[in-house]
4 protein chains.
Amino acid sequence: MADLQRIEHASVHVEDLEEATEFYTDAMGLVEVARENGTVYLGTGLTENFELAVTEGGTGIEHFAVRADSADLVDEYEGELGARGVETERVDGDEPGQEAGVRFEMPSGVPMEIVTVADEDYPHGNISLPSRAGQAPSSIDHVQFFTPDIDADLGFLRDTIGMAVSDIAGPMDDLEVAFARCNTLHHDVALKQMPEGGPDHTSLHHVAWGFDDIGHLKLFLDTVSGRGMDFERGIGRHYAGNNLYAYIWEPGGNRFELCAEMAVVKTDEPDHAEDYLSATTAWGPDPPASFDEGSGLVQK
Amino acid sequence: MADLQRIEHASVHVEDLEEATEFYTDAMGLVEVARENGTVYLGTGLTENFELAVTEGGTGIEHFAVRADSADLVDEYEGELGARGVETERVDGDEPGQEAGVRFEMPSGVPMEIVTVADEDYPHGNISLPSRAGQAPSSIDHVQFFTPDIDADLGFLRDTIGMAVSDIAGPMDDLEVAFARCNTLHHDVALKQMPEGGPDHTSLHHVAWGFDDIGHLKLFLDTVSGRGMDFERGIGRHYAGNNLYAYIWEPGGNRFELCAEMAVVKTDEPDHAEDYLSATTAWGPDPPASFDEGSGLVQK
Amino acid sequence: MADLQRIEHASVHVEDLEEATEFYTDAMGLVEVARENGTVYLGTGLTENFELAVTEGGTGIEHFAVRADSADLVDEYEGELGARGVETERVDGDEPGQEAGVRFEMPSGVPMEIVTVADEDYPHGNISLPSRAGQAPSSIDHVQFFTPDIDADLGFLRDTIGMAVSDIAGPMDDLEVAFARCNTLHHDVALKQMPEGGPDHTSLHHVAWGFDDIGHLKLFLDTVSGRGMDFERGIGRHYAGNNLYAYIWEPGGNRFELCAEMAVVKTDEPDHAEDYLSATTAWGPDPPASFDEGSGLVQK
Amino acid sequence: MADLQRIEHASVHVEDLEEATEFYTDAMGLVEVARENGTVYLGTGLTENFELAVTEGGTGIEHFAVRADSADLVDEYEGELGARGVETERVDGDEPGQEAGVRFEMPSGVPMEIVTVADEDYPHGNISLPSRAGQAPSSIDHVQFFTPDIDADLGFLRDTIGMAVSDIAGPMDDLEVAFARCNTLHHDVALKQMPEGGPDHTSLHHVAWGFDDIGHLKLFLDTVSGRGMDFERGIGRHYAGNNLYAYIWEPGGNRFELCAEMAVVKTDEPDHAEDYLSATTAWGPDPPASFDEGSGLVQK
């Protein structure tokens with residue numbers, strides 16, 4: 001299996017839907033694409049697709065999806081996953097703008113989907129939906145989880161799903177972090193070993209948004225400051241992925257990463273850094289203590 | 001007289017008020033501060049002040065204003081202008097957020113005001129009015145006119161108003177362009193000799209907006225593209241003022257300059273460039289033929 | 001055949017080697033990687049590889065190369081090309097940092113190579129060779145030719161080499177421009193039909209350099225201004241590829257494009273624009289008349 | 001007294017002159033303007049002036065200078081300071097490119113100069129000295145000291161020198177920080193009360209460099225990473241001054257601030273923030289503990 005395109009969307013829970021949605025639209029400049037059965041679907045406004053689904057009740061990740069380039073490929077994944085004993089569910093058309101889709105769980109319990117979407121064009125900076133504001137991110141970029149078993153999740157993404165591994169860090173028998181990609185952007189899914197003393201379960205570390213450049217990212221921070229977010233870390237540069245980053249806690253109760261200049265990577269062999277700090281710090285300083293906290297996994 | 005602060009606002013006419021206002025707010029991200037007697041007052045949303053007043057009927061400049069730092073200074077200007085035989089009119093509180101004000105005409109007939117405003121704080125990037133969008137400019141920057149008598153207008157700004165001259169270009173007895181400033185930003189008012197064969201009257205060349213940087217300016221262009229504007233020139237760099245520029249014709253029928261990195265200038269002696277091209281071109285290429293057109297002066 | 005990575009380098013001729021090299025290093029900030037047999041090899045300094053080879057004598061393109069991810073793949077290409085009647089030559093180790101390599105001609109006569117290189121890591125912004133200056137581009141981005149037979153060249157790249165086509169423009173039976181890619185960056189090779197009245201032979205239109213963002217591109221223009229280059233067009237945005245552009249003529253006698261924000265494209269079906277102007281203009285204005293000129297093809 | 005222009009230069013000591021100078025030129029891209037009597041004079045390369053003087057032996061500030069617009073003004077300052085009982089010394093032509101100059105001590109013991117310089121033009125982005133690299137800052141921006149008596153130093157700058165106060169923070173009878181300016185840029189000299197438990201003497205907090213924009217600042221950080229500097233804080237935005245910041249410890253042993261988007265301020269009345277944190281943090285997070293350390297004052 002292969003030919004996956006990119007991360008397509010993430011579905012998260014928030015503590016207060018209206019407060020969170022006001023932040024996503026009025027402050028972040030995202031576009032409300034649809035609202036169905038208590039879930040608000042938000043897009044960046046550079047395509048017709050949604051990239052964040054938001055539902056009230058708790059915090060954390062509910063599922064995420066990566067894009068396939070054809071419905072045939074979704075069928076192939078359904079067959080292959082079944083053959084390997086992974087339970088699957090069809091989700092064709094279950095979400096706005098989505099056509100074919102298959103859903104299953106990663107070993108750590110995070111629900112993942114492989115889907116096709118109606119709008120397949122690449123984004124053009126000068127064409128946007130009317131309600132998009134200039135500070136809005138250009139795309140969803142990736143998701144990162146704390147996992148109780150990084151090897152199990154990484155093996156699943158690599159061997160069962162066919163994703164490539166871009167960078168890993170930490171001892172080979174006790175990895176601290178791993179970055180897996182669908183295609184050529186450095187990572188669509190990042191896995192982080194839960195730190196010593198942390199809770200022994202899967203938890204969302206962050207949903208990441210991509211920006212055109214550091215100036216775009218700065219305009220975003222200026223616009224969302226004082227609108228209910230907490231700025232946690234950055235602006236800095238990661239070594240693995242070479243991307244610029246900032247981290248905020250949004251009013252809904254989840255961490256967002258804001259990133260720019262993510263590396264385009266084409267080799268098969270992952271780079272291997274000594275530890276998490278050297279993998280994630282190109283300029284310094286070290287991450288704050290709060291960086292060991294996640295926002296959870298939504299249990300249905 | 002001196003101690004003027006900066007250009008405060010420009011008042012222009014447009015062909016279709018609703019179409020133009022939709023562009024200024026939805027596309028440009030400006031904030032509608034007030035709407036009175038057929039005039040819409042728009043601000044950048046980083047202060048409470050308006051920076052563009054728009055009225056339907058024709059195109060071109062109706063008046064512009066520079067800021068004084070006290071009502072006493074406005075009184076002094078009223079007295080001094082009267083003593084020099086310049087007809088003045090009090091405009092205290094005539095426009096939203098404006099307190100004291102005096103109005104008079106430049107030799108070329110452009111109405112100019114010296115005013116005080118309610119919100120005197122300097123803008124903070126991270127504090128904005130809610131309806132401001134990230135692509136909105138950070139401030140009005142300057143105005144430029146075609147004038148039939150550049151020496152008369154420049155002499156008035158320098159000798160009667162007390163503005164400083166930053167740069168001039170062309171033969172000393174036949175200047176092509178001149179840049180005058182209130183304080184330290186390179187120009188608040190630029191004067192351009194009407195080119196050979198052009199109409200023999202005063203006309204607005206452009207109203208200029210300031211942006212944080214070239215990335216901000218790019219986001220603006222992406223957002224307003226396809227929304228009824230015509231892109232005329234740029235992105236380039238001027239030599240005089242050292243500013244980055246782009247020029248568009250907005251749907252209301254006037255030219256807007258978008259600029260960033262305007263020089264802070266503190267010397268008294270103007271630089272003198274050989275001609276208009278060398279003064280205004282740091283990178284190249286030359287301006288298009290359409291650059292010799294203006295949008296007029298509103299005659300009451 | 002497939003699994004090509006990216007454009008790796010371009011080899012051009014210049015009128016005066018020392019004058020051109022001084023511009024490439026002192027003004028552009030490139031790093032001289034090697035100098036052998038009258039050819040200077042220059043890199044961006046973010047990897048150990050060279051990206052531009054420069055030789056004195058005339059102007060225009062001498063050859064270009066794309067990267068393969070293994071020597072086995074180079075062997076496969078050699079076999080497959082031979083089987084299709086395309087004459088090939090091994091160029092293993094013929095250029096600095098190059099390992100395996102095979103060389104052949106496109107239908108229009110442009111020599112092309114498929115090579116492997118010693119330094120395969122992706123670039124990290126915070127690690128560079130000492131003599132790299134901050135304004136230096138981040139990578140070579142693509143090459144564009146005028147070709148007398150766009151269909152023949154495009155067919156060769158797509159059917160024989162296995163590259164994907166991202167965008168095309170003009171009537172299907174008389175294409176004006178076509179963009180072909182190795183992997184996911186929008187184009188590595190662009191083909192342009194020679195305009196009416198132009199010379200009836202292949203000619204280099206430009207070698208393109210990639211920059212981190214528009215602010216990086218601006219710093220480059222500031223640094224190279226007044227150092228012997230002519231600024232021809234931009235800064236603007238293309239529609240096809242969605243990239244920001246500027247075009248200069250460098251002192252060696254060739255056109256360079258400077259680009260940023262090149263789209264990452266993953267679909268198989270090319271977009272089709274009505275004509276060259278709509279494909280290449282997102283903001284406007286139209287290209288200058290000089291844009292129909294090329295700098296030639298070096299005939300051995 | 002008034003009509004001061006801007007900070008002109010700072011003179012610092014470093015532990016190892018050759019190591020530090022290599023960093024300033026090869027990594028930072030500054031230009032060595034002169035080397036006399038064991039002192040290296042470095043400029044940004046956008047003017048002929050030097051902006052940093054560096055001497056071996058210890059760390060910290062040795063003196064700083066602000067620019068006057070005429071030798072007459074220097075004479076007036078000499079007279080006025082003498083009349084107020086401040087000891088002065090003429091330093092005409094004592095440093096490269098410097099013409100008239102008078103030197104004296106602030107109450108806290110920091111030597112300050114008021115000088116005129118040979119090159120008075122404002123910088124043009126597209127004209128630079130040949131050895132300037134693109135990552136080099138655009139200008140020296142300001143200096144900040146720890147002072148044992150903030151009221152004494154601030155009173156001197158305001159009442160004796162005639163500088164304006166832009167922002168202050170902390171209780172009025174126990175100020176934590178104060179920002180004083182020569183002209184319209186938000187601060188040329190910032191004063192910080194030494195924190196509880198800190199050493200009871202004057203010490204350099206940082207020398208600040210100005211950059212065109214956040215993209216320029218990022219290129220600088222990429223280029224100097226791994227060249228012997230330690231990244232301490234940022235990239236963030238201050239509230240007072242509205243500037244973007246990053247802080248590094250350079251190999252010579254002093255802290256440099258890198259800043260962009262410094263506010264242009266024209267009002268006479270300083271803003272007053274509740275405390276240091278609210279004055280200096282627009283986005284968050286709080287400064288690290290190391291931010292209470294300085295690098296000293298050079299005692300002759």
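Note on naming: letters A, B, ... go to the chains in the order of the sequence lines (proteins, then strands), and numbering restarts at 1 for each one.
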**Asked** Got a sec, which residues hit side chain to side chain contact (heavy atoms under 4.5 Å, CB included) with A/A246, two or more places apart in sequence or on another chain?
**Response**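 Once residues adjacent in sequence are excluded, the partners of A/A246 under the side chain to side chain contact (heavy atoms under 4.5 Å, CB included) criterion are A/L217, A/L221, A/F231, A/I235, A/L258.
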**Request:** Against chain C, work out which of A/A240, A/G215, A/G125, A/A260 has the most heavy-atom pairs shorter than 4.5 Å and name it.
**Result:**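 If we count pairs closer than 4.5 Å to chain C, A/G125 comes out on top.
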**Item:** Structural part of A/L244 lying under 4.5 Å from a heavy atom of chain C
**Value:**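 No part of it gets close to chain C.
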Can you list the donor-acceptor atom pairs spanning chain C and chain A that come in under 3.5 angstrom?
unit_1 : atom_1 : unit_2 : atom_2 : d
C/Y122 : OH     : A/D167 : OD1    : 2.9
C/Y122 : OH     : A/H186 : NE2    : 3.2
C/Y122 : OH     : A/G241 : N      : 2.7
C/H124 : ND1    : A/Y239 : O      : 3.0
C/G125 : N      : A/N242 : OD1    : 2.8
C/N126 : ND2    : A/A282 : O      : 3.1
C/D167 : OD1    : A/Y122 : OH     : 2.9
C/T184 : OG1    : A/T184 : OG1    : 2.6
C/H186 : NE2    : A/Y122 : OH     : 3.2
C/Y239 : O      : A/H124 : ND1    : 3.0
C/G241 : N      : A/Y122 : OH     : 2.8
C/N242 : OD1    : A/G125 : N      : 2.8
C/A282 : O      : A/N126 : ND2    : 3.1

